[in-house]
Amino acid sequence: MFCNCLAVGAGGALGAVCRYGMSLLPVLQRGAFPLPTLLGAILIGLVVGAGQRWANLSPTLLLFLRVGVCGGFTTFSTFSLESLVLLEDGRPVLFGGYVLLSVTLCLAGVWLGKHLIA
């Protein structure tokens, strides 16, 4: 358990630093299309696919990559994976509710937090 926590923490730090590094690239400056979010979604798909294809991959390595790196890089990749799992599990109503509520409530939460401080 402790090793898993360390792996997730280290991966999260790496993912966050990579995301920050990408934000410094001139092509991705403010106002540009948020390409890193899409890249994070592709990356988490590759990690999950690799875990399914190669069953002998270390569970700790997969936690480091999926939860840590991808989660630290963009939490939207985690949201996307969770949504897809609901859909693939044959739970379309829960999928729709999760997506709708997550997007709506998260946008409202950011707006509220921003305006509470102003």
Side-chain angles (χ1 to χ4, degrees):
M1 175 80 141
F2 183 70
C3 287
N4 288 344
C5 289
L6 286 178
V8 169
L14 179 61
V17 169
C18 288
R19 178 61 179 250
Y20 174 69
M22 286 192 77
S23 76
L24 299 176
L25 297 174
V27 71
L28 297 176
Q29 292 299 317
R30 186 174 182 93
F33 187 80
L35 187 60
T37 302
L38 283 177
L39 293 176
I42 293 168
L43 180 60
I44 202 168
L46 289 170
V47 170
V48 170
Q52 291 172 342
R53 181 171 180 145
W54 297 294
N56 61 339
L57 286 176
S58 162
T60 304
L61 173 63
L62 292 173
L63 278 174
F64 170 80
L65 293 171
R66 184 175 52 90
V67 178
V69 174
C70 293
F73 188 78
T74 169
T75 55
F76 195 77
S77 64
T78 303
F79 162 75
S80 299
L81 176 61
E82 290 169 344
S83 300
L84 184 62
V85 167
L86 289 172
L87 198 57
E88 289 177 340
D89 285 349
R91 301 167 80 184
V93 173
L94 192 55
F95 160 80
Y98 179 61
V99 169
L100 182 64
L101 284 173
S102 293
V103 172
T104 303
L105 295 177
C106 287
L107 286 171
V110 170
W111 180 88
L112 179 63
K114 184 177 174 182
H115 286 85
L116 285 174
I117 288 295

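Everything numeric in this text was worked out from a predicted model, so none of it was measured.
- Counting heavy atoms from C-beta outward, L107 and W111 have side chains that stay 4.5 Å or more apart.
- Atoms OG and CD, from S77 and E82 in turn, are 9.5 Å apart once rounded to the nearest 0.5 Å.
- Here the straight-line distance linking atom CD of Q52 with atom CG of L57 works out to 11.5 Å at 0.5 Å rounding.
- Linking Ile, Leu, Val, Met, Phe, Trp and Tyr whenever their side-chain heavy atoms come within less than 4.5 Å puts L94 and L87 in one cluster.
- Remark: L38 CG to T74 OG1 distance equals 9.0 Å, nearest 0.5 Å.
- You'll find the side chain of F73 stays beyond 4.5 Å of the side chain of I44, heavy atoms only.
- The two residues S83 and V99 make their nearest non-hydrogen contact at OG-CG2, 3.6 Å.
- Atom-to-atom distance recorded for L24:CG and M22:CE is 10.5 Å, nearest 0.5 angstrom.
- No continuous path of ILVMFWY side-chain contacts below 4.5 Å connects L46 to W54, so the two sit in separate hydrophobic clusters.
- Note: C18 SG to L43 CG = 9.5 Å, rounded to the nearest 0.5 Å.
- From I42, atom CD1 reaches atom OG1 of T37 across 11.0 Å, with rounding to the nearest 0.5 Å.
- Between Y98 and F95, the ring centre distance reaches or exceeds 6.0 Å.
- When hydrophobic clusters are built by joining Ile, Leu, Val, Met, Phe, Trp and Tyr residues whose side-chain heavy atoms come closer than 4.5 Å, directly or via intermediates, V110 is not grouped with L100.
- Residues V85 and L81 meet the side-chain proximity criterion, which asks for heavy atoms closer than 4.5 Å.
- V47 and C70 make their closest contact through CG2-SG, 4.4 Å (heavy atoms, listed as atom of the first residue, atom of the second, distance).
- In the hydrophobic clustering of this structure, F79 does not group with V69; members are Ile, Leu, Val, Met, Phe, Trp, Tyr whose side-chain heavy atoms approach within less than 4.5 Å, directly or through other members.
- Cluster annotation: L14 and L61 are assigned to the same hydrophobic cluster (Ile/Leu/Val/Met/Phe/Trp/Tyr, side-chain heavy-atom contacts under 4.5 Å, transitive).
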